[in-house]
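Note that the coordinates shown come from a computational prediction; the quantities given were computed from them, not determined experimentally.
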Amino acid sequence: MTEGTTSAAAEGADALSRLEQEGEIAADYLEGLLDIADLDGDIDMDVEADRAAVSIISDAGGRDLQKLVGRDGEVLEALQELTRLAVHRETGDRSRLMLDIGGYRAKKRTELSELGAKAAAEARSTGEPVKLKPMSPFERKVVHDAVKAAGLRSESEGEEPQRFVVVLPA
């Protein structure tokens with residue numbers, strides 16, 4: 001190995017270690033939250049796309065966990081921000097951690113990828129920009145990725161909370 005390769009490998013291991021630490025801090029925080037709320041759930045940690053990913057899953061159908069997702073994922077978004085703040089408090093670094101509860105985000109990601117692909121197909125066939133409904137930053141990111149995978153470009157327009165994606169024709 002050359003010196004540059006060794007350095008890059010060390011940086012990669014360092015980044016992975018830091019993300020795993022974020023996941024552990026988040027898991028501890030969320031376990032405390034589940035205890036306070038008297039909810040059952042198991043914590044699963046992973047590293048995906050250069051960010052820590054933490055999921056709360058339940059064997060009991062996840063009906064109780066739906067309370068932590070809320071309407072349109074609003075409670076989930078708030079819990080994610082609180083968890084990121086808990087990680088920041090411990091590490092001093094801003095976290096990009098992603099939280100999923102009861103598979104809500106995974107299911108939403110699939111739906112949004114399909115929406116992005118359909119919007120790209122529509123923009124390609126009509127030659128006109130396709131405007132989508134307002135979305136959260138997470139939702140917009142998934143749609144942007146799907147549009148890019150379809151070979152087109154997209155942009156976000158508007159101001160939060162009414163920010164939306166526009167899919168541009170080729």
Side-chain angles (χ1 to χ4, degrees), residues 15-16 18-19 22-23 25-27 29-30 33-34 37 39 41 43-58 61-89 91 93-170:
L16 180 61
R18 183 181 50 78
L19 292 173
E22 280 187 23
I25 294 167
Y29 175 78
L30 292 165
L33 179 78
L34 289 174
L39 295 172
I43 309 289
D44 184 36
M45 296 179 295
D46 202 0
V47 174
E48 298 173 0
D50 296 333
R51 62 172 57 183
V54 179
S55 299
I56 301 174
I57 52 179
S58 173
R63 200 171 232 141
D64 282 347
L65 292 183
Q66 280 306 115
K67 297 172 186 173
L68 297 178
V69 172
R71 188 174 54 91
D72 296 327
E74 290 172 340
V75 177
L76 171 58
E77 290 289 334
L79 287 173
Q80 177 175 277
E81 286 308 308
L82 289 172
T83 305
R84 286 177 174 176
L85 286 171
V87 170
H88 177 71
R89 185 185 68 222
T91 65
D93 295 326
R94 183 179 174 275
S95 174
R96 295 177 48 235
L97 175 133
M98 288 296 292
L99 175 62
D100 191 5
I101 299 175
Y104 176 83
R105 273 200 207 276
K107 180 180 172 198
K108 192 77 168 167
R109 182 176 280 124
T110 300
E111 292 170 0
L112 290 166
S113 292
E114 291 171 4
L115 175 67
K118 286 178 185 173
E122 181 182 336
R124 184 176 282 119
S125 69
T126 65
E128 297 291 321
V130 176
K131 294 182 180 181
L132 301 175
K133 66 178 180 55
M135 299 178 190
S136 71
F138 160 76
E139 293 170 328
R140 291 193 310 269
K141 170 76 168 102
V142 173
V143 171
H144 285 305
D145 290 348
V147 170
K148 184 177 180 181
L152 293 182
R153 284 185 331 108
S154 58
E155 299 174 346
S156 291
E157 294 183 5
E159 298 290 323
E160 293 292 353
Q162 296 299 314
R163 200 154 167 79
F164 59 94
V165 173
V166 178
V167 180
L168 305 170

Please list, chain by chain and in numerical order, all residues satisfying side-chain hydrogen bond (donor to acceptor under 3.5 Å, both in side chains) with Gln162, sequence neighbours excluded. none

Suppose we screen for side-chain hydrogen bond (donor to acceptor under 3.5 Å, both in side chains). Which residues come up paired with Ser136, at least two apart in sequence or across chains? Glu139

Under 3.5 Å, which donor-acceptor pairs do the side chains of residues 110-121 form with other protein atoms, sequence neighbours left out?
from   : atom 1 : to     : atom 2 : distance (Å)
Thr110 : OG1    : Ala106 : O      : 3.2
Ser113 : OG     : Arg109 : O      : 3.0

Contact summary for Val130 and Ala123, nearest pair of heavy atoms: CG2-N, 3.7 Å

The criterion is side-chain hydrogen bond (donor to acceptor under 3.5 Å, both in side chains); which residues satisfy it with Glu122, sequence neighbours excluded? none

With a 4.5 Å cut-off on side-chain heavy atoms, are Leu82 and Tyr29 touching? yes

Could you tell me which non-hydrogen atom of Pro169 sits nearest to which non-hydrogen atom of Gly127, and how far apart they are? CG-O, 3.3 Å

Considering only heavy atoms from C-beta outward, does the side chain of Gln80 approach that of Phe138 to under 4.5 Å? no

Would you name the heavy atoms of Val75 and Gly70 that are closest together and state the gap between them? CG2-CA, 3.7 Å

With rounding to the nearest 0.5 Å, note down the distance linking CG in Asp64 to CG in Leu39. 5.5 Å

Reported NZ-to-CD1 distance for the pair Lys67 and Ile101, which is rounded to 0.5 angstrom: 13.0 Å

Check Tyr104 against Leu76 and note the closest heavy-atom contact, atom names and distance. CD2-CD2, 3.5 Å

Salt bridge (charged side-chain N to carboxylate O under 4.0 Å, His left out) filter on Arg94, not counting sequence neighbours, yields none

Gap between atom OG1 of Thr83 and atom CE of Met98 - 0.5 Å precision: 12.0 Å

I'd like to check the salt bridge (charged side-chain N to carboxylate O under 4.0 Å, His left out) partners of Arg153; sequence neighbours left out, ordered by chain and number. Glu155

What pairs meet the salt bridge (Lys or Arg N to Asp or Glu O under 4.0 Å) rule with one or both residues in residues 156-170, with sequence neighbours excluded? Arg140-Glu160

Without placing hydrogens or testing angles, list every side-chain donor-acceptor pair under 3.5 Å for residues 141-150, not counting sequence neighbours.
from   : atom 1 : to     : atom 2 : distance (Å)
Lys141 : NZ     : Asp145 : OD1    : 2.9
Lys141 : NZ     : Asp145 : OD2    : 2.9
His144 : ND1    : Ser154 : OG     : 2.5
His144 : NE2    : Ser156 : OG     : 2.8

I need the full list of salt bridge (Lys or Arg N to Asp or Glu O under 4.0 Å) pairs touching residues 43-57, with sequence neighbours left out, sorted by first then second residue. none

Set of salt bridge (charged side-chain N to carboxylate O under 4.0 Å, His left out) partners for Glu77, sequence neighbours left out: Arg105

So, taking the atom named CG in Leu99 and the one named OG in Ser55, what distance separates them when rounded to the nearest 0.5 Å? 7.5 Å

Find out whether Leu33 and Leu79 are in side-chain contact, i.e. whether some heavy atom of one side chain is under 4.5 Å from a heavy atom of the other. yes

Residues in side chain to side chain contact (heavy atoms under 4.5 Å, CB included) contact with Val47, at least two apart in sequence or another chain: Leu16, Leu19, Glu20

Leu65 and Ile56, any side-chain heavy atoms less than 4.5 Å apart: yes

Grab the two heavy atoms, one from Leu152 and one from Ala170, that are nearest each other, plus how far apart they are. CD2-N, 3.6 Å

With sequence neighbours left out, the residues meeting side chain to side chain contact (heavy atoms under 4.5 Å, CB included) with Asp93 are Arg18, Thr91

